[in-house]
Amino acid sequence: MHDFNYKHNDLYCESVSVEELARKYGTPLYVYSRNTLISHYRKIKEAFSPINPLICFSMKANSNMAICKVLVKEGSGLDIVSGGELYKAFKIGVSPRKIVYAGVGKRDIEIEIAMRHHIFFFNVESIPELELINKVAGKLGIRQKVAIRINPDIKARTHQYITTGHGENKFGVDFETARKIFLGKQKYKNLNISGVHMHIGSQIVDAEPFIRAMERIVNFIKDLETHGVSIRWLNIGGGLGIIYSNEKPQTAKEYAKAILPIIKKTKANIIMEPGRFIVGNAGMLVTRVLYIKETPSKNFAIVDAAMNDLVRPSLYGAYHEILPVKSHSYSNSKEIKDFDVVGPICESGDFLGKNRKFIDLKEGDLLSVMGAGAYGFSMSSNYNSRPRVAEVMIEGSKARLIRRRETYEDLIRTEA
Ligand code: LLP
């Protein structure tokens, strides 16, 4: 995270002072480092360069067009999960040949539009969906490439809401069902069922569950080959964990070293769908302290950002480091106190951090919630009729507004 640094006592993003950004654009404010974004993308690209995979950035992590454009310019494709993401992907200008489309509940209209634009792959999650895609392809006279998403029944140690490759999860199909689909694939006349897809969960910090899942998938592919079915594409999903506090996640290089020998056993071309690894630590949420409230049992720093702006702490109990934008060096005259950092929303679950130590924290101070680039803005809402916040991207000493702050008029724009 070398692009978020203190210079003397002031927090900077690249060469821009965060205090100045707050003054110019207001708070709460998402701030992204373009340099971090690019360097994390390149880390994956370089680690996997021996096999030159198609990297499709997972848009759900952050679908801001400016962010996606930076990655697309670097050569990235996009992993989408909805008609809305498809629409944005076209506006971003990514080649349709670099779009892969996952999700358990694709609607017929979404399928049709994606197909009319010749996206690369549908990652199919059930037999009824396969049948629908086959039907739509027939109607359009297209032979569509699809991958079958396999649920390898692996438990990855991560939050229960973000594990996806265990038998109890709604995602993908089991090996037996997948086998039946591949062995009977001529039945789907309009489909070229030539890929296997997996994604076992998110924020996975060690390679072991990936290794187990991939070994199972590769054995499955080898077995299909003995039956004359060849798999041309293997999509290994995303899921790489990042550092929020004291995690020690595998690096892109370690991940590649662990899994390359396994995936090289197949002749398949590789697709990857990283989200968080690329954008997570490229963004932070800047917020201002509105009040300091001291009660007999707790101290609260009530800030202007809330769970509607960053829901991860409330929803997953996720930890995000919170840094003062002006740091105080420790001296005896300064007081260190514990605070719960909470927002203005009318719910006790509205917090950004609990029991955080700050020196001499006072009203008007700025705080930065770190690691907020992935699943931060993209999961934000208008709860409590709060306008969604602005986003800026920093490139060296330049700041660019990449989303204007919503106004009160925006709040009622779509209402009767
Ligand atoms: N591919 C598929 C099919 C996915 O479902 C996901 C994420 C990804 C790729 C990207 O995963 P990543 O590399 O970012 O781990 N809101 C949660 C995370 C949900 C992840 C959903 N799927 C959070 O804030 O932790």
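Since this is a predicted model, take the numbers as computed values, not measurements. In listed order, ligands and their atoms are each counted from 1.
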Residue-level breakdown please: for [X] versus ligand 1, do any non-hydrogen atoms fall below 4.0 Å on the side chain, on the backbone, on both, or on neither?
{"X": "Ala61", "answer": "neither"}
{"X": "Asp79", "answer": "side chain"}
{"X": "Glu273", "answer": "both"}

Short N/O distance, under 3.5 Å, between [X] and ligand 1?
{"X": "Gly239", "answer": "yes"}
{"X": "Tyr316", "answer": "yes"}
{"X": "Arg149", "answer": "no"}
{"X": "His197", "answer": "no"}

[X] neighbourhood, listing ligand 1 atoms whose heavy-atom distance to it stays under 4.0 Å:
{"X": "Pro274", "value": "13 (O)"}
{"X": "Gly275", "value": "12 (P), 13 (O), 14 (O)"}
{"X": "Gly238", "value": "9 (C), 13 (O)"}

- Query: Can Glu347 and Asn384 be counted as having a side-chain donor-acceptor contact under 3.5 angstrom?
  - Reply: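 There is no such pair between these side chains.
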- Query: Is it true that a side-chain atom of Ser194 and a backbone atom of Arg232 form a donor plus acceptor pair closer than 3.5 Å?
  - Reply: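 Pair absent, no side-chain N/O of Ser194 close to backbone of Arg232.
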- Query: Any sub-3.5 Å donor-acceptor pair from Thr287's side-chain atoms to Asp304's backbone N or O?
  - Reply: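 Checking the backbone N and O of Asp304 against the side chain of Thr287, a donor-acceptor pair under 3.5 Å is found.
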- Hey, looking at atom 5 (O) of ligand 1, which of His199, Met198, Met379, Gln203 has the closest heavy atom?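 Minimum heavy-atom distance to atom 5 (O) of ligand 1 goes to His199.
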Looking at [Y], does the NZ or CZ of [X] lie under 6.0 angstrom from its six-membered ring centre and within 45 degrees of the ring axis?
{"X": "Arg413", "Y": "Tyr408", "result": "no"}
{"X": "Lys293", "Y": "Tyr291", "result": "no"}
{"X": "Lys43", "Y": "Phe277", "result": "no"}
{"X": "Arg143", "Y": "Tyr188", "result": "no"}

- Message: Please determine whether any non-hydrogen atom of Ala374 lies less than 4.0 Å from an atom of ligand 1.
- Response: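 So Ala374 does not count as touching ligand 1.
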- Query: Mind checking whether Gly237 has a heavy atom under 4.0 Å from ligand 1?
  - Reply: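 False for this residue.
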- Task: Determine the interplanar angle of the Phe210 and Tyr255 rings, folded into 0 to 90°, and report it as parallel if under 30°, tilted if 30 to 60°, perpendicular if over 60°.
- Result: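 Answer is perpendicular, since the angle exceeds 60°.
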- Ring-ring centroid check Phe220 Phe175, cutoff 6.0 Å: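 Distance test on ring centres: under 6.0 Å, yes.
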